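Since this is a predicted model, take the numbers as computed values, not measurements.
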Amino acid sequence: MYDLTQLRFDASQHVGAGQHGEVYTRGDGTLSYFFTMEDLGKRFASEGFLALETDYVRVALYNRKKDFEMRRVFAHGVFQRPQE
């Protein structure tokens, strides 16, 4: 599953694959990391959280001025820290 922003990156901006996602360099030198659901769940689990819900949220935004549709994908999760 790819986000529009990820598809816009040039091949020369691809730094490589992280553990479970893709890493790209932005024009200002900062890094952009695209998570997978598995990676997101593992990161929270390693900090002691329980995953209650994880899913991709797909949003289609339409720019009327440029007559352009932007298909975005966001990682959504609901996590809970166990009661002690």
Please report the closest heavy-atom contact between [X] and [Y], naming both atoms and the distance.
X     : Y     : value
Met37 : Asp55 : SD-N, 3.2 Å
Gly48 : Pro82 : O-CD, 2.8 Å
Asn63 : Met70 : CB-CE, 4.4 Å

Practice item. Take Thr25 and Leu31, measure what side chain to side chain contact (heavy atoms under 4.5 Å, CB included) needs, and give me the verdict at the end. Key: CA-CA 5 Å; Thr25 303; Leu31 297 176; 3.7 Å; yes

**Study point:** Within one Ile-Leu-Val-Met-Phe-Trp-Tyr cluster: Tyr56 and Phe44, side-chain cutoff 4.5 Å
**Key:**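 Per the 4.5 Å side-chain linkage, Tyr56 and Phe44 are co-clustered.
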
Practice item. State yes or no: do Leu50 and Val78 share one hydrophobic cluster built from I, L, V, M, F, W and Y residues joined by side-chain heavy-atom distances below 4.5 Å, directly or via other members? Key: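 No; Val78 is not reachable from Leu50 via cluster members.
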
Rounded at 0.5 Å granularity, tell me how far [atom1] in [X] sits from [atom2] in [Y].
X     : Y     : atom1 : atom2 : result
Thr54 : Phe35 : OG1   : CZ    : 13.5 Å
Phe74 : Arg58 : CZ    : CZ    : 12.5 Å
Lys42 : Thr36 : NZ    : OG1   : 8.0 Å
His14 : Glu22 : NE2   : CD    : 3.5 Å

Exercise for review: Please name all residues satisfying side-chain contact (heavy atoms from CB on, under 4.5 Å) with Gln13, sequence neighbours left out, ordered by chain then number.
Suggested key: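 Per chain and number, Gln13 pairs via side-chain contact (heavy atoms from CB on, under 4.5 Å) with Phe9, Asp10.
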
Check your understanding: Residues in side chain to side chain donor-acceptor pair (under 3.5 Å) with Arg72, at least two apart?
Key ->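 Checked Arg72 against side chain to side chain donor-acceptor pair (under 3.5 Å); matches are Asp3, Thr5.
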
Review point. Do other residues, nucleotides or ligands put more than 12 heavy atoms under 6.0 Å from the CD atom of Glu47?
Key: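 No.
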
Point to revise | Under 4.5 Å side-chain linkage, directly or through intermediates, the cluster mates of Tyr62 | key: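 Result for Tyr62 is none, singleton.
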
